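Some notes on the structure that comes next.
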Amino acid sequence: MPAPADLVFRNGPVHTLAPAGTAATAVAVRDGRIVAVGRDADVRPLTGTTTEVVDLAGRALLPGFQDAHVHPVLAGLTMIRCDLHDARDAGEAVATVRAYAEANPDARWISGGGWSMEWFPGGTPSRHLLDAVVPDRPVHLINRDGHGAWVNTRALELCGIDAGTPDPVDGRIEREPGGAPQGTLHEGASALVGRHVPEPTAGTMLAALRAGQGRLHAAGVTAWQDAMVDPDVQRAYLTAAESGLLTGRVVGALWWDRERGEEQIPELLARRGGAGWFRTTSVKIMQDGVAENFTAAMTSSYLDGCGCRTGNHGISFVDPDRLRAYVTRLDAEGFQVHVHAVGDRAVREALDAFEAARAANGETGHRHHIAHLQVVHPQDVPRFAALGVTATIQPLWAAHEPQMDELTIPFLGPERAGWQYPFGDLSRAGAPLAAGSDWPVSSPDPFLGIHVAVNRALPGDDREAFLPHQRLDLTAALTAYTAGTARVNHLDAETGTIEPGKLADLVVTDRDPYAIPAAELAGTSVVATYVGGRRVHAATEPS
C-alpha cells in the first residue's frame, strides 16, 4: 500500500495547465510534492487517517500564480508609510497626506507613494497642494508607476532645488511659468530629492517584505521575480530566507546603476547567490521611462496637443552601443538580463543587445526577458521568438482608461497607438510569454490582469475593447501567469503546472474561471494559497 498523502484536494475541477493535461478533479500531495493527479477515485487509496482533505466543492484548483516583474518590498514600504493607492482623486490623495502627517508628528519626512497622473491636470501634481497640508516638513511621494515624484516646497528648499537647477540627463523637473520647480519630478529628477529621504532601517525593510509577501500570497502568487533588488532589499530577502520568514520562491534581479558602466559587474558577481528560496541570478536594466511623461524611448517623436511632431523621442537611459556590450558581458558571466522597455526604440535596443550577446556567446539558456512592451514596432515582433527572448507582459495596462486615453494616445498618434501591448501578435509569432503586475504600479491580483488580457477592457467597462485583435485566450493568459513565468525564473521543472513530481505550489479559487463568462473573470477570488503543500494564505477556511 502506498504511504498516505499529507494533503488531498478532491471534487475539483483541477486545471493542470500541463501541455498534455487531461481532465482532473483531485490531487494528492506528500512531503511538499504532488504524488497523484486524476479523478477522486484515483486519490482515494492515498487518503489516510492523517490526511488533510480539502473538498473543493466545485471551486477550482490551479497552479500557483507567478509574477515575472514585481516590487513587493517597495510596495510593502508604501503600505506601511503614506499609502495613496486607495485614493480615487487628488482631493482624497491630499486628505490622505494630511491624515498621515497628523498621525505621525515625529516623522522628519513624509514619504510613501501611490498617486496617479490622471488625478492632476497634465499628470503633474503641484507642490502647493502639499504645502497646504504639510508646510513645515519635507514630503516625497513616488508616483504609482515609479517614474516620478511629487514633492512640496520644503523638500525642494532642503535639497537646494530652484529655478536655476538644471534638469538631469535622465529626467526632467516640471516647472512653473517663471522657471521655479512646480512640484513634479520626472524619472532621474526624482532622485534629486529622493536621495535625501532617510534610508529605512533593516527592521523596516523586513517588515515591508513581509507585508508585500502577504499581499502576494493573498492574490494566489507563490513565486516571483523582484525587479529592483538593491543591497538593502537583498539583505531583507536574505534575512527572511535564513530565518524561515520567506514563504515564496524568489528570483532577485540585481539593480543596474545606469550612471555607471561595466565596472559594476564584479560587484554584481559578488552579490550573486542566495539562501533558501531566494536567488540573485538576474540583472535588471531600465532602458527608458514611460510614455505618459514622454520619457519612453520612441523611434519617432512624440506629438504635442495639436498633433504636431515635438522632436522629443524620449530617453534611452543606457547608450545603445554600451547596452550591447553590457548585456553581452552579463550573459557571458551567467546572468539572466531583465530589461525595462516601454517605447519601441527601447524594445529594439534591448533586442539588439540580446542579438549581440547571442552572436558573441552562443545560446546560453539564461532566458532573458523584456518587460512592459507598451509600444512594439511590428518589425520587431518576430525577433522575440527568433532570439528566444521572453515577452514579459503587464496585461492590466492594455485597456482604455484615463491615463491611456488622455495622456498617451493623443501624443503617440494613431499608427503608433495601434502598436501598443501586442500580446496576440507576440503569441502568434511564437514569443515565449510571461506575465507580471509591476505592483505597486498596479494591482498584484493576477485575475485582474487575466481579465484584461482576455477582454482588453477593464472590469465593468462597457467601452469598446482596446485593440481587440491583441486578446489572449484564457489558457494563454493563465499560462503566462504560471508556466510562462516559471520558465523565466528557471522553476519550470518544479512548478508552473500540476503534475506528479512537481512541487505543490497551488491556488484554490472561489469559482472555475473556465465556467464563467470572460466578462466576469475579474470577480474570481483566491480562497487559499499553498507553497510546497503548506497553506500560506486562507481567505476562508477550506473544508
Side-chain angles (χ1 to χ4, degrees), residues 7-29 34 36-44 52-67 216-222 395-396 433 435 437 443-460 471-486 495-500 502 504-531 533 535-543:
L7 176 65
V8 162
F9 299 90
R10 62 178 180 83
N11 197 16
V14 174
H15 297 294
T16 68
L17 298 180
T22 55
T25 63
V27 170
V29 175
I34 297 165
V37 179
R39 300 291 184 180
D40 286 13
D42 299 325
V43 303
R44 195 168 294 126
E52 177 186 356
V53 178
V54 177
D55 184 355
L56 294 169
R59 297 172 298 191
L61 186 70
L62 298 162
F65 295 120
Q66 303 193 27
D67 194 313
L216 288 178
H217 287 335
V221 177
T222 58
L396 190 52
L433 296 184
S437 64
S443 170
D445 182 353
F447 275 109
L448 289 180
I450 290 164
H451 178 103
V452 176
V454 172
N455 293 283
R456 300 289 287 203
L458 293 172
R471 290 182 173 117
L472 295 177
D473 64 36
L474 178 57
T475 297
L478 284 168
T479 299
Y481 274 99
T482 53
T485 297
T495 68
T497 59
I498 300 177
E499 299 178 83
K502 287 198 169 182
D505 294 0
L506 305 165
V507 61
V508 179
T509 61
D510 69 336
R511 66 199 72 181
D512 180 359
Y514 283 92
I516 59 175
E520 298 177 10
L521 283 167
T524 307
S525 63
V526 171
V527 174
T529 306
Y530 296 80
V531 180
R535 190 165 63 236
V536 295
H537 167 75
T540 58
E541 196 69 16
S543 60

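Only a predicted model underlies this, so the values are computations on that prediction, with no experimental measurement involved.
- Between H537 and R535 the shortest heavy-atom distance is O-CG, 3.4 Å.
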| Step-by-step side chain to side chain contact (heavy atoms under 4.5 Å, CB included) determination, Y481 to L62 | CA-CA 11 Å; Y481 274 99; L62 298 162; over 6 Å; no

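- The nearest pair of heavy atoms linking P513 to A60 is CD-CB, 4.0 Å.
- F9 is linked by a ring pair (Phe, Tyr, Trp, His ring centres under 6.0 Å) to Y530, counting only residues two or more places apart in sequence or in another chain.
- Take A504 and apply the side chain to side chain contact (heavy atoms under 4.5 Å, CB included) test, not counting sequence neighbours, and it matches V29, I34, L506.
- Between G496 and A486, the shortest heavy-atom distance links the atoms CA-CB, 4.0 Å.
- T495 is linked by a side-chain hydrogen bond (donor to acceptor under 3.5 Å, both in side chains) to Q66, counting only residues two or more places apart in sequence or in another chain.
- When each of V14, L17, D505, T482 is checked for a side-chain contact (heavy atoms from CB on, under 4.5 Å) with I498, only V14 meets the rule.
- Of all the heavy atoms in D40 and A26, the pair that sits closest is OD1-CB, 3.6 Å.
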Side-chain donor-acceptor pairs of residues 443-460 under 3.5 Å, sequence neighbours excluded:
{"unit_1": "S443", "atom_1": "OG", "unit_2": "D445", "atom_2": "N", "d": "3.1"}
{"unit_1": "D445", "atom_1": "OD1", "unit_2": "F447", "atom_2": "N", "d": "2.9"}
{"unit_1": "H451", "atom_1": "ND1", "unit_2": "A522", "atom_2": "N", "d": "3.2"}
{"unit_1": "N455", "atom_1": "ND2", "unit_2": "H451", "atom_2": "O", "d": "2.8"}
{"unit_1": "N455", "atom_1": "ND2", "unit_2": "A518", "atom_2": "O", "d": "2.9"}
{"unit_1": "R456", "atom_1": "NE", "unit_2": "F466", "atom_2": "O", "d": "2.9"}
{"unit_1": "R456", "atom_1": "NH1", "unit_2": "Y421", "atom_2": "O", "d": "2.8"}
{"unit_1": "R456", "atom_1": "NH2", "unit_2": "Q420", "atom_2": "O", "d": "3.4"}
{"unit_1": "R456", "atom_1": "NH2", "unit_2": "Y421", "atom_2": "O", "d": "3.2"}

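- Checked against side-chain hydrogen bond (donor to acceptor under 3.5 Å, both in side chains), D510 has the following partners two or more places apart in sequence or in another chain: S525.
- The salt bridge (Lys or Arg N to Asp or Glu O under 4.0 Å) test applied to D67 returns no partner, not counting sequence neighbours.
- Side-chain atoms of T485 and F65, non-hydrogen and from C-beta on, never get closer than 4.5 Å to each other.
- The minimum heavy-atom distance linking A28 with V8 is given by the pair CB-CG2, 4.0 Å.
- Residues in residues 8-21 take part in these side-chain hydrogen bond (donor to acceptor under 3.5 Å, both in side chains) pairs, two or more places apart or across chains: N11-D55, H15-D512.
- In this structure, the side chains of I516 and L521 come closer than 4.5 Å at one or more pairs of heavy atoms.
- Contact check for V507 versus T222: no side-chain heavy atoms found under the 4.5 Å cut-off.
- The side-chain heavy atoms of L433 and L472, taken from C-beta on, include a pair separated by under 4.5 Å.
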